[in-house]
K.L.:
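I have a structure I would like to understand better, so I am pasting it below and will then ask my questions one at a time.
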Amino acid sequence: MSCSTEHIITNILRNPKRTVSVSTRQAKQLHAHIVKTKGTFHDDNILVLSLYSNLNLLHHSLHLFNSLPSPPPPLAWSSLIKCYTSHSLLHLSFSSFKSMRSLSVPANQHVFPSLLKASTLLKHHKLAHSLHASVVRLGLDSDLYISNALINMYAKFCNFSVAANAGNVFDVIPHREKFEIDSVGKIFDMMPVRDVVSWNTVIAGYAQNGMYVEALNMVRKMGNNGNLKPDSFTLSSILPVFAEYVDVYRGKEIHGYALRHGFDGDVFIGSSLVDMYAKCNRLEHSIEVFRLLPRKDAISWNSIIAGCVQNGEFDRGLGFFRRMLKENVRPMHVSFSSVIPACAHLTAMSLGKQLHGCITRLGFDDNEFIASSLVDMYAKCGNIKMARYVFDRIGKRDTVSWTAIIMGCAMHGHALDAVSLFENMLEDGIRPCYVAFMAVLTACSHAGLVDEGWRYFNTMEREFGIAPGLEHYAAVADLLGRAGRLEEAYDFISNMGVQATGSVWSTLLAACRAHKSVELAEKVVDKLLLIDPENMGAYVLMSNIYSAARRWKDAARLRIHMRKKGLKKIPACSWIEVGKEVHTFMAGDKSHPYYDKINEALNVLLEQMEKEGYVLDTNEVLHDVDEDHKRDMLHNHSERLAIAFGIISTTAGTTIRIIKNIRVCADCHTAIKFISKIVGREIVVRDNSRFHHFKNGSCSCGDYW
DNA sequence: ATAGGGTTAG
């Protein structure tokens, strides 16, 4: 026998708890030795089996288990079952247990924790309850390990936060969740002895169920009543609470504690620190913590990717995702649902499609988080058909996936689809949430569905207990304003339940412009500038309203005032992706290398457009200049330059996609309808709030925008 | 011998 083998065996025998740690190599060495000497010690094989099981060596454990004389003793069973459970072979854990019972081997306390864990992972309530009953029947319910496993099981089952948030204020918490979260506290309270695992389990249970106050209380009690110090498990469970509360000071305190106690290399603490700093808008701290992590696993990468994207740093988020792949870390579901929104915000459809390809290859298509982010991405990139395709294939739809498609339809002017999807959601028994109502109200306002919009607005509080927020009031104000019910909209905003913001008044001001009401516009602009004196949009809109009413002097007065205040108008701008490059155009911009060709194309188009009946609408020119000059200005609007460039530089028949930073003017809207027919192309224009699909002479918005 | 922690979508 080699010296080290002898040492191990002596150690194990001397240590009744057998907590010696051995390497895989040492365990195999020991096994070989026992086989060779045909068993020097009593129960040698079972000893090795427990070592193998501790090392999670399933094949070795199983092999050894099968070589034991029948029936194997309880110890062998619990080792094997533990191994199955930690390999997620949960059904094998239970079938082994059944075999064990059928061989009349008594169940002792050591076998239950693994079985409880297996039923937790399976979310098998019935099995869990029968195991709990057996534990009580056998008088094992005061066992430390079993109680810890039970607390964890009930905490994982109850999903208390989801239950509490799903219902409205008039609802009570569903019975099952109430029972389960109560069980957590009861079992913990009744334990004769508690160790650090008991405290950590109950703290994590409360934290994961959104019971933050209770979780923090338990951390305090753990030190006072329990005389135990928080360890790395405690810290990684409690950090998400400070992320949720956006409490960077307490979060930093935990970070300091982790550093002082040497926990800073822990991957679990690392990823919750990255997340905590990101949620507290301290992205640079997140990046620094991430950089200093000695070992990074997939979840650490997920945290930093999500952190960047949630802070609007889309390119950095994509950069971390690429680095993750480059370092051969396999992306998880979460990696994709974190990074896809970056493509949505950047309107990067080709990248989004590539990621969708990876998702399909990895078999992640049925993940609801990923699917919702894909629906949103396709919709925001202008491809509503693909958004619908993905949505139709979601197996389990929740309020988020429904909202994504409803908002997508709203953005694309398919208001009737949006409304019927909303009704389908209700029929499916999915309770609409705050954001879902924002989506359906937006759909109504974009299509002028005033009555439907009102109805939804009134039902949200009465039937669903959701108090309308600023976004809902804004949508209704927009709905009334666009429909020309300007005075009603004014009264509505003046009397709504929350303080109006500048942007709510801005939408009404835009409506005043569309419906040419100078008097109300003046009242609105006073309100707006009272709230937001620096709002240059207000000046620009009001000056345009004056110009449209040919009150040139008033318009000029406002422009001078703007200049004095140092406020500058954001220039209108459109862009188009051709090949891999983004081409940007400003109104009247002649700097593009192909400007001459673009101009030539525009002139040819204009000739054909006029033959088809296009008449210039100079009302949209808001300067007091002669008609020729007006004509010139309109023909050089940024979207026309971008579209002309798209026509001459892409394959005939393909869809042209343009993005614009402000609303399309009425003349351009008419012109693009003609152009789509003449060149036989679908032209998709996204402005700052929605999409227009021009096809064969008409637009999806039905000329209501 | 058996128990506990971090990340995601509209």
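Both backbone and side-chain heavy atoms feed into the values below; hydrogens, waters and symmetry mates do not. Everything numeric here is computed off the predicted structure, so don't read it as measured data. Below, chains carry the letters A, B, ... as their sequence lines are ordered, and counting in each starts from 1.
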K.L.:
Indicate yes or no: does Glu253(A) engage Arg250(A) in a salt bridge with an N to O separation below 4.0 Å.
P.N.:
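Looking at Arg250(A) together with Glu253(A), the answer is no, because their closest N to O distance does not fall below 4.0 Å.
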
K.L.:
Counting only side-chain heavy atoms from C-beta out, which of dG5(B), dA9(B), dA3(B) sits nearest to Lys117(A)?
P.N.:
dA3(B)

K.L.:
Would you classify Thr399(A) as touching base, sugar-phosphate or nothing, given that sugar-phosphate means primed atoms plus P, OP1 and OP2, and contacts are heavy atoms under 4.0 Å?
P.N.:
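Counting heavy atoms under 4.0 Å across all strands, the contact made by Thr399(A) includes a base.
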
K.L.:
dT2(B) C1' sits how many Å from Ile146(A) CD1, rounded?
P.N.:
8 Å

K.L.:
Name the nucleic acid region contacted by Lys296(A), choosing base, sugar-phosphate or nothing; use a 4.0 angstrom heavy-atom cut-off, strictly under.
P.N.:
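Lys296(A): no heavy atom of the nucleic acid under 4.0 Å.
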
K.L.:
Under 4.0 Å between any heavy atoms, over every strand shown, what does Ser232(A) touch: base, sugar-phosphate, or nothing? Just pick one.
P.N.:
base

K.L.:
Once you apply a heavy-atom cut-off of 4.0 Å, does Ile269(A) come out as touching a base, just sugar-phosphate, or nothing?
P.N.:
base

K.L.:
Compare the minimum distances between each of dT7(B), dT2(B), dG5(B) and the side chain of Tyr145(A), then state the nucleotide with the smallest one.
P.N.:
dT2(B)

K.L.:
Ignoring hydrogens and angles, does a donor from either the side chain of Asp297(A) or the base of dG6(B) sit under 3.5 Å from an acceptor on the other?
P.N.:
yes

K.L.:
Name the closest nucleotide to the Phe369(A) side chain, picking from dG6(B), dA9(B), dG10(B).
P.N.:
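In terms of side-chain proximity for Phe369(A), the closest of dG6(B), dA9(B), dG10(B) is dA9(B).
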
K.L.:
Nearest to the side chain of Cys433(A) - dG10(B), dA3(B), dT7(B)?
P.N.:
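Closest of the options to the side chain of Cys433(A): dG10(B).
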
K.L.:
Report the distance from atom CD1 of Ile151(A) to atom P of dA3(B), rounded to the nearest whole Å.
P.N.:
15 Å

K.L.:
Give a yes or no on whether a donor-acceptor pair under 3.5 Å exists between the nucleobase atoms of dT8(B), that is its base, and the side chain of Ser338(A).
P.N.:
no

K.L.:
Counting side-chain heavy atoms from C-beta on, which of dA9(B), dG5(B), dT2(B) comes nearest to Pro341(A)?
P.N.:
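Looking only at side-chain atoms, Pro341(A) lies closest to dA9(B).
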
K.L.:
Rounded to whole Å, how long is the line connecting atom CG of Asn108(A) with atom C1' of dA3(B)?
P.N.:
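Nearest whole value for this atom pair: 15 Å.
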
K.L.:
Looking only at the side chain of Ile299(A) (C-beta and beyond, no hydrogens), which of the listed nucleotides dT7(B), dA9(B), dG5(B) gets closest?
P.N.:
dT7(B)

K.L.:
Does Ser272(A) get its side chain close enough to the base of dG6(B), under 3.5 Å, for a donor-acceptor pair?
P.N.:
no

K.L.:
In whole angstrom, give the distance that lies between atom CD1 of Ile304(A) and atom C1' of dT8(B).
P.N.:
15 Å

K.L.:
Strictly distance-based, threshold 3.5 Å: is any side-chain N or O of Arg388(A) a donor or acceptor partner for the main-chain N or O of Met386(A)?
P.N.:
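The answer is no, because no donor-acceptor pair under 3.5 Å joins these two groups.
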
K.L.:
Just N and O in the side chain of Gln208(A): are any of them under 4.0 Å from OP1 or OP2 of dG6(B)?
P.N.:
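Indeed, a polar side-chain atom of Gln208(A) lies that close.
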
K.L.:
May I ask you to say what Val196(A) touches in the nucleic acid, namely base, sugar-phosphate or nothing, with a heavy-atom cut-off under 4.0 Å?
P.N.:
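Contact class for Val196(A): base.
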
K.L.:
Quick check: does any side chain N or O of Ser286(A) sit under 3.5 Å from a backbone N or O of Val274(A), one acting as donor and the other as acceptor?
P.N.:
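Side chain of Ser286(A) to backbone of Val274(A), a donor-acceptor pair under 3.5 Å: yes, one is there.
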
K.L.:
NA contact type, Ala76(A), heavy-atom cut-off 4.0 Å: base, sugar-phosphate, or nothing?
P.N.:
nothing

K.L.:
Whole angstrom is fine here: how far is it from CG in Asp366(A) over to P in dT8(B)?
P.N.:
20 Å

K.L.:
Classify the nucleic acid contact of Asp143(A) as base, sugar-phosphate or nothing, counting any heavy atom under 4.0 Å across all strands shown.
P.N.:
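Counting heavy atoms under 4.0 Å across all strands, no contact is made by Asp143(A).
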
K.L.:
Could you check whether atom NE2 of His261(A) has more than 12 heavy atoms from other residues, nucleotides or ligands sitting under 6.0 Å from it?
P.N.:
yes

K.L.:
Does the base of dG6(B) carry an N or O that pairs as donor and acceptor with the side chain of Ser303(A) under 3.5 Å?
P.N.:
no

K.L.:
What is the distance, to the nearest angstrom, from the NZ atom on Lys380(A) to the P atom on dA9(B)?
P.N.:
12 Å

K.L.:
Does the base of dG5(B) carry an N or O that pairs as donor and acceptor with the side chain of Ser237(A) under 3.5 Å?
P.N.:
no

K.L.:
The test is side-chain hydrogen bond (donor to acceptor under 3.5 Å, both in side chains); show your working for Ser300(A) and Asp297(A) and say whether it passes.
P.N.:
CA-CA 5 Å; Ser300(A) 333; Asp297(A) 66 4; 2.8 Å; yes

K.L.:
Can you see if the side chain of Ser53(A) gets near the phosphate of dT2(B) - specifically, an N or O under 4.0 Å from OP1 or OP2?
P.N.:
yes

K.L.:
Choose from dG6(B), dT2(B), dG10(B) the nucleotide whose nearest atom is closest to any side-chain atom of Lys82(A).
P.N.:
dT2(B)

K.L.:
Check every strand shown and say whether Val267(A) touches a base, only sugar-phosphate, or nothing at a heavy-atom separation below 4.0 Å.
P.N.:
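It contacts base atoms.
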
K.L.:
Identify which nucleotide among dT7(B), dG10(B), dT2(B) has an atom closest to any side-chain atom of Asn54(A), counting heavy atoms from C-beta outward.
P.N.:
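When the side chain of Asn54(A) is considered, dT2(B) is the closest of dT7(B), dG10(B), dT2(B).
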
K.L.:
With sugar-phosphate meaning primed atoms plus P, OP1 and OP2, does Pro74(A) contact a base, only sugar-phosphate, or nothing at under 4.0 Å between heavy atoms?
P.N.:
nothing

K.L.:
Which part of the nucleic acid, if any, lies within reach of Ser335(A) when heavy atoms closer than 4.0 Å are counted: base, sugar-phosphate only, or nothing?
P.N.:
nothing

K.L.:
Would you say Arg194(A)'s side chain and Phe188(A)'s backbone share a donor-acceptor pair under 3.5 angstrom?
P.N.:
yes

K.L.:
Tell me: CH2 of Trp301(A) to C1' of dT8(B), nearest whole Å?
P.N.:
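Roughly 17 Å, once rounded to whole Å.
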
K.L.:
Assess the pair His472(A) and Tyr434(A): is the distance between their ring centroids shorter than 6.0 Å?
P.N.:
yes

K.L.:
If the test is side-chain contact (heavy atoms from CB on, under 4.5 Å), which one of Thr403(A), Ile406(A), Thr399(A) qualifies with Val435(A)?
P.N.:
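Testing each of Thr403(A), Ile406(A), Thr399(A) against Val435(A), the sole residue satisfying side-chain contact (heavy atoms from CB on, under 4.5 Å) is Thr403(A).
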
K.L.:
Taking atom types as they are modelled, would you say the side chain of Ser372(A) forms a donor-acceptor pair with the base of dA9(B) within the 3.5 Å cutoff?
P.N.:
yes

K.L.:
With heavy atoms under 4.0 Å as the rule, sort Ser236(A) into base, sugar-phosphate or nothing.
P.N.:
base

K.L.:
From CG of Asp365(A) over to P of dT8(B), roughly how many Å is that when rounded to an integer?
P.N.:
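So the CG-P distance, Asp365(A) to dT8(B), works out to 22 Å.
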
K.L.:
Does the side chain of Gln109(A) get closer than 4.0 angstrom to OP1 or OP2 of dA3(B) through an N or O atom?
P.N.:
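Negative; the distance criterion is not met.
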
K.L.:
Please classify the nucleic acid contact of Asp266(A) as base, sugar-phosphate, or nothing, using heavy-atom distances under 4.0 Å.
P.N.:
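The answer is base, as Asp266(A) lies within the cut-off (heavy atoms under 4.0 Å) of a base atom.
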
K.L.:
Check whether any side-chain N or O of Lys279(A) sits under 4.0 Å from OP1 or OP2 of dT8(B), and answer yes or no.
P.N.:
yes

